[in-house]
Amino acid sequence: MEDKNIQPQGGSYPDSKVPEKFLKPYDSKATEDRIYEMWEKSGFFNPDRCVEAGATSKDEKPFTIIMPPTNANGSLHAGHGLVMTIEDIMTRYKRMCGYKTLWLPGLDHAGFETQVVYEKKLEKEGRTRFEIERSTLYKEIMDFTIANSATIKSQVRKMGASCDWSREKFTLDEDIVKVVYQTFKKLSEDDLLYRGKRIVSWCPKHQTSFSDLEIKDEERVEGFYYLKYGPFTISTSRPETKFGDKYVVMHPDDKRYAEYKDGQKIDLEWINGPITATIIKDSVIDMEFGTGVMTITPWHDPVDFGIAERHGLDKEQIIDEQGKLLPVAGEFAGMHIKKARPQIITKLQSKGLVEKIDANYKHVVRTCYKCGTVIEPQIKSQWFVRMKKLAERALEVIKSHEIVYIPEHYEKITLHWLENIIDWNISRQIVWGIPIPAKLCPTCDTGYVDLDDKIVKCDKCGGKVVKDNDTFDTWFSSSQWPYAVLGFPDNDDFKTFYPTDIMETGGDLVFFWVARMIMLGLYRTDKVPFKTVYMHGLVQDAKGQKMSKSKGNVINPLDLTAQFGTDAFRMAVVVGNTPGTSLPLSSNKVTAYKKFVNKLWNITRFVLDSTYGEELVADFDRFSEADQKHIGVRDALIAEVSKEMDEYRFYIASEKLYHYAWHEFADKILEESKPILNGTSETDKKSRKQFLLQTLSVILRALHPFMPFVTEEIWSEMPIKGKSLLIVEKWPGR
RNA sequence: GCGCGGUUAGCUCAGUUGGUAGAGCAUCCCCUUGACGUGGGGAGGGUCACAGGUUCGAAUCCUGUAUCGCGCACCA
C-alpha cells in the first residue's frame, strides 16, 4: 500500500531529466552555507571587486549603506534579523541595478550597554566591577566582546547579508578613535564643548551619569508631605533631601506672601534644630501648585539647581553617590535614603512639623532605563557639548528635505526634539569605552582637551593635572560612524561613498543616534551623512507584545532560519511590513513563505523538465501571440515592482512578486502550458519553452534580493549561456 | 500638560494626488494522483472607532470626541 502522505515530492516522476536535487523538496540546510561561501569567495560583496570583474561599470553611481554597528555584547535577535533583511534587500537590488554598491558592516563596543551585560555576568560569578582594577576590567570586557563578536558575525552571515567584510569596522579601531578625538578637539576649539559643574542624572546603582535620553520616566504613587517651615507650609515628595534647605522660594507676584521680601531672613525650627532661612522670589514657581511655596535642594534637583544658579545661592550635597545620606543629615547620616524616609517623617511628626500627608500622590519619577533605579541628580563636573548651533544646521537640512524620513512622521518628531535640544553630557564614569583625552585640575576643577598627552600643569592655578578617567558616551562615537568608517577626511572611500544613501535603523534610535549623526556629520564634513532615513518598526511576538527575556517570548531568528530556511524568514519579515509599524513575528508566517520557497522550487522542476535540451536565447523574437501577451503582463508587473523598490516599498514589491510567481505564473501559465507543450505546433512549443525559461529567469532575478539563497541555487541550474552568479546579474529591465 | 501615531474581514495589516473596500493567514465547501497536498477552484465575513463639516461623491480632506500606543516635559 502506498501512502501518498509520505511519498517523496516529485517521486512520481520517474522519467524526469532535471538535476536530481529537484526531485526532493528544497533543502535550505544543505544549500545556504555553501552558497554564502561561494558569494564570499567571489568577492562580489566588495564594489571594487565588482568593477574589476566587469559586473559593475567603473563610472556607475555609488550606493552606500552603513550598517548600524551591531552591539558586540550578545547574539542576534529578531530586530537584527529585520535590519539585515531590509538592508540586504536594498543592497542586492542596487547592486543588480548596476550601482557601485557598498554595504559596510560594523560592530559597536556599546559602552554602557556592554558594561551592564558584563556586570550581570560578574554578578553571577559573585564579583563586582568596583573591586576590579580598571585596566584588568577593560581587558576582560574586551576579551568578552571579541568572543561575542565572532558569534555575531557568523549570525549575520546566516542571514545572507551581502556586506563587504573587507571594510568591516569596530568602534574601538584606532582610526575610528582618532576621528572621534579630532571631533572632541574641534568642538573645544569652536567653543562648542565645555566642562561644566552641572546637575547630571546619576544612577546610584551603575555609578555613572547619563544624558537626558538614558532616563525613563515612570509614574509612581508615593507619599506627598506637607511640612511646616516657619510661617510657611511647604510640600515635598522627597523629605530626605530637605536637611540642607535654607532657602524658601515663592512667586514674586503671589499676593499671599507679599509681606515677605526677597532676601529676607527668618528663623525657624527644622528637622535637626533651629536654622535661618532666606526668602527667594522666583517666577519659576507655580502659584497654583501646593501652597505656592517651596524650599530648594540645588544639589539634587534640576529646577532647584536653576534657581540657585540664577540667585547665586549655596549648593550643598545631601546624598552621596551610593544614595546614602551625608553628615549634614545628622543622626541619619550613612543611612540609605529609602530606609531614612519613613524615619525622617516620624521625627518630623514628633516635632509637630507635619501638617498632612497625601498618601496617594501620583507623580513621575525619573529612573535608569536599564535597572529602573530612581535617578539621583547630582552636581558633577562633566564634559558637555553645546547643542543649539549643531541642531540649527540639522533643522535646516531636514526642513529643506535634503534628508528625507521614511515614514514621514519621524521628521516632525525629530524637528520637535531638535528645537528643544539641551546640552549633551558626553562623560560616562565607566571603564568600557573610548577614554576621554583630557586632563583635569583637581584643585580648581578646570578641564583641558589633551590629545597628545602633553599638559602637566593647570594654566589657571598652576596645580598638577590628572588624567580624566571617564569615557565617552558610546553615542558620541557612533554618531560619527558614517564618515569615520569611510576614512574621513582623506580616504578614497570617503570621497566615493559619502554622503551615504540611506540610514536604515529602528525608530527607537531616532534621537539617540540618527539626529546626532546628522548634527555631527554636518559639523565635521559639511555634508549630510545620508540622504534618506528609513525607520523600521519593532519586532514583536505573534500576539503583538514586545519581546523580552522576562516574558520569555523572545524569538531567536536563527531558530526560525534553521527550521524554515533564511529565505522564508526574510520574506516573513518583509512582506506586508510597512516601515515604522511594529511587526508581529510568528512561525505561522514563516511557514507560509517556506511553502513559497518550495513552490518556486517546484516551478523550476516543471520548467526545466519541460524545456529539457532548450537553452534560453537572449534575443528570441518569434513569440506566439499568447506569449507576447503574457510578456506584456509580466513586464508591466516588473515595472511596477521596480518603482516600489526605488521608493523603498519592499512590503508591496515582495507581495506583488509572490503573487505573480504563484498565482499568475504557476497557477495559470504553467497549467495552460501543458497542452501547448504536448501539442503539435512546433513553433508554439518553441515559443512557450523560451517564454517559460525567460520568465523564470525574470522571476529569479526579481526575487533574488528577497530570497537570495534559493534563487542563486536555482540560477546555477538555468540553461543560460555565459551567465554570472545571480548576485551580480542585472535586475530585470536593466 | 504638550507632541506624534494607530483605530479597515476572526487575526496581522495594505489602501500614494477623494470615485460604490483589498492581501496573507484562519474558517467552510468542492476538486485534484506525471511540477508541486508545502496543490487547484470557490465561499462566507467589514454601517472602514464615533459625531459633525467640505464635496456630485469621503476609509481617504477639515473640526471635535472616544480609545490604545509611543515620545517629550524642571510642577516642588
Side-chain angles (χ1 to χ4, degrees), chain A residues 2 4-5 7 9-16 18 22-23 25-26 199 212-213 215-217 224-225 234-238 241-242 245 249 284-297 301-307 361 363-364 366 377 407-417 419-420 422 507-508 510-511 537-538 540 542-544 546 564 568 572 575-578 580-586 588-589 591-610 643-644 647 649 651-652 655-656 658-659 662-663 666-668 670-671 673-674:
Chain A
E2 222 179 37
K4 54 183 176 180
N5 286 325
Q7 212 174 16
Q9 307 276 311
S12 56
Y13 203 31
D15 303 332
S16 176
V18 298
F22 286 110
L23 301 182
Y26 172 66
I199 195 148
D212 52 319
L213 288 178
I215 307 305
K216 215 175 149 44
D217 290 348
F224 194 56
Y225 308 92
I234 59 156
S235 42
T236 182
S237 57
R238 301 202 58 197
T241 64
K242 295 285 146 195
D245 289 12
V249 192
V284 78
I285 298 294
D286 180 354
M287 289 187 268
E288 308 292 314
F289 188 85
T291 56
V293 183
M294 70 175 194
T295 60
I296 59 167
T297 314
D301 186 288
V303 182
D304 298 2
F305 180 83
I307 295 172
Y361 178 64
H363 72 147
V364 170
R366 290 151 46 86
E408 236 173 290
H409 75 262
Y410 277 102
E411 178 186 311
K412 284 186 199 161
I413 298 175
T414 303
L415 291 176
H416 185 256
W417 186 72
E419 276 158 6
N420 298 291
I422 63 170
D508 51 338
V510 62
F511 309 136
L538 236 59
Q540 302 171 326
K543 291 175 194 154
K546 196 172 172 175
F564 302 104
V575 177
N577 182 220
T578 46
T581 311
S582 54
L583 165 78
L585 184 61
S586 65
N588 248 5
K589 204 173 171 189
T591 309
Y593 291 104
K594 186 187 174 183
K595 290 185 189 177
F596 178 58
V597 170
N598 198 56
K599 184 75 181 179
L600 190 61
W601 194 248
N602 289 327
I603 287 172
T604 306
R605 168 155 73 233
F606 178 85
V607 172
L608 291 187
D609 196 77
S610 51
K643 188 164 179 279
E644 306 294 3
E647 291 166 20
R649 282 188 294 265
Y651 63 102
I652 296 180
E655 197 184 318
K656 283 185 171 171
Y658 170 94
H659 201 267
W662 198 317
H663 300 299
D667 289 351
K668 301 207 172 91
L670 295 196
E671 288 307 321
S673 299
K674 289 171 188 172

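Lettering of chains follows the sequences in order, A, B, ..., and the numbering in each one begins at 1. Since the model is a prediction, treat every value here as computed from it, not as a measurement.
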Separation of [X] atom [atom1] from [N] atom [atom2], in whole Å?
| X | N | atom1 | atom2 | answer |
| --- | --- | --- | --- | --- |
| A:Trp662 | B:G41 | CH2 | P | 11 Å |
| A:Glu408 | B:G5 | CD | C1' | 13 Å |
| A:His409 | B:G5 | NE2 | P | 7 Å |
| A:Ile603 | B:A35 | CD1 | P | 13 Å |
| A:Asn598 | B:G40 | CG | P | 12 Å |
| A:Glu671 | B:G40 | CD | P | 9 Å |
| A:Asp609 | B:C36 | CG | P | 10 Å |
| A:Phe596 | B:G39 | CZ | P | 12 Å |

Please determine, for the side chain of [X], which listed nucleotide ([options]) has the closest atom?
| X | options | value |
| --- | --- | --- |
| A:Tyr651 | B:C36, B:A14, B:C4 | B:A14 |
| A:Phe224 | B:A76, B:C4, B:U16 | B:A76 |
| A:Val284 | B:C74, B:A76, B:G41 | B:C74 |

Base, sugar-phosphate, or nothing for [X], non-hydrogen atoms under 4.0 angstrom?
| X | result |
| --- | --- |
| A:Phe564 | nothing |
| A:Arg649 | base |
| A:Ile296 | nothing |
| A:Ile234 | nothing |
| A:Lys599 | base |
| A:Phe305 | nothing |

Next on the checklist: Is there a side-chain contact between A:Thr578 and the phosphate of B:A14, meaning an N or O under 4.0 Å from OP1 or OP2?
Outcome noted: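 Affirmative; the distance criterion is met.
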Pairs: protein N or O with nucleotides 6-8 of chain B N or O, under 3.5 Å:
none

Measuring only the [atom1] atom in each nucleotide, how far is [N] from [M]? A whole number of Å is fine.
| N | M | atom1 | result |
| --- | --- | --- | --- |
| B:U7 | B:A14 | P | 7 Å |
| B:G45 | B:C29 | C1' | 15 Å |
| B:C28 | B:U63 | P | 46 Å |
| B:G44 | B:C36 | C1' | 28 Å |
| B:G22 | B:G53 | C1' | 28 Å |

Checklist entry - Within the side chain of A:Asn598, is there an N or O that forms a donor-acceptor pair under 3.5 Å with the backbone of A:Lys594? => result no
Tell me the closest heavy-atom pair linking [X] and [Y], and the distance in Å.
| X | Y | value |
| --- | --- | --- |
| A:Asn420 | A:His416 | ND2-O, 2.8 Å |
| A:Met294 | A:Ile296 | CE-CG2, 3.9 Å |
| A:Ile199 | A:Pro302 | CD1-N, 3.8 Å |
| A:Leu23 | A:Val18 | CD2-CG2, 4.0 Å |
| A:Phe511 | A:Thr414 | CE2-CA, 4.1 Å |

Checklist entry - Given that A:Leu670 and A:Lys412 both sit by RNA chain B, which one's nearest nucleotide is further toward the 5' end? => result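 Checking each residue's closest nucleotide, the 5'-ward one belongs to A:Lys412.
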Please list each protein N or O that sits under 3.5 Å from an N or O in nucleotides 70-73 of chain B, with the distance.
from  : atom 1 : to       : atom 2 : distance (Å)
B:A73 : N7     : A:Asp217 : OD2    : 3.1

Item to check | Residue list, salt bridge (Lys or Arg N to Asp or Glu O under 4.0 Å) with A:Lys242, at least two apart or on another chain | outcome: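 Per chain and number, A:Lys242 pairs via salt bridge (Lys or Arg N to Asp or Glu O under 4.0 Å) with A:Asp245.
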Item to check | Stems involving RNA chain B, each a run of at least 3 consecutive Watson-Crick or G-U pairs under 3.5 Å | outcome: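 The stems are B:1-7 with B:66-72, B:10-13 with B:22-25, B:27-31 with B:39-43, B:49-53 with B:61-65.
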Next on the checklist: What residues from residues 285-294 of chain A pass a heavy-atom cutoff of under 4.0 Å to RNA chain B?
Outcome noted: A:Ile285, A:Asp286, A:Phe289, A:Gly292, A:Met294
Contact list (N/O, under 3.5 angstrom) for nucleotides 21-29 of chain B vs protein:
from  : atom 1 : to       : atom 2 : distance (Å)
B:A23 : O2'    : A:Glu655 : OE2    : 3.0

Checklist entry - Yes or no on side chain to side chain contact (heavy atoms under 4.5 Å, CB included) for A:Tyr593 and A:Phe564, after CA distance, side-chain angles and deciding distance? => result CA-CA 9 Å; A:Tyr593 291 104; A:Phe564 302 104; over 6 Å; no
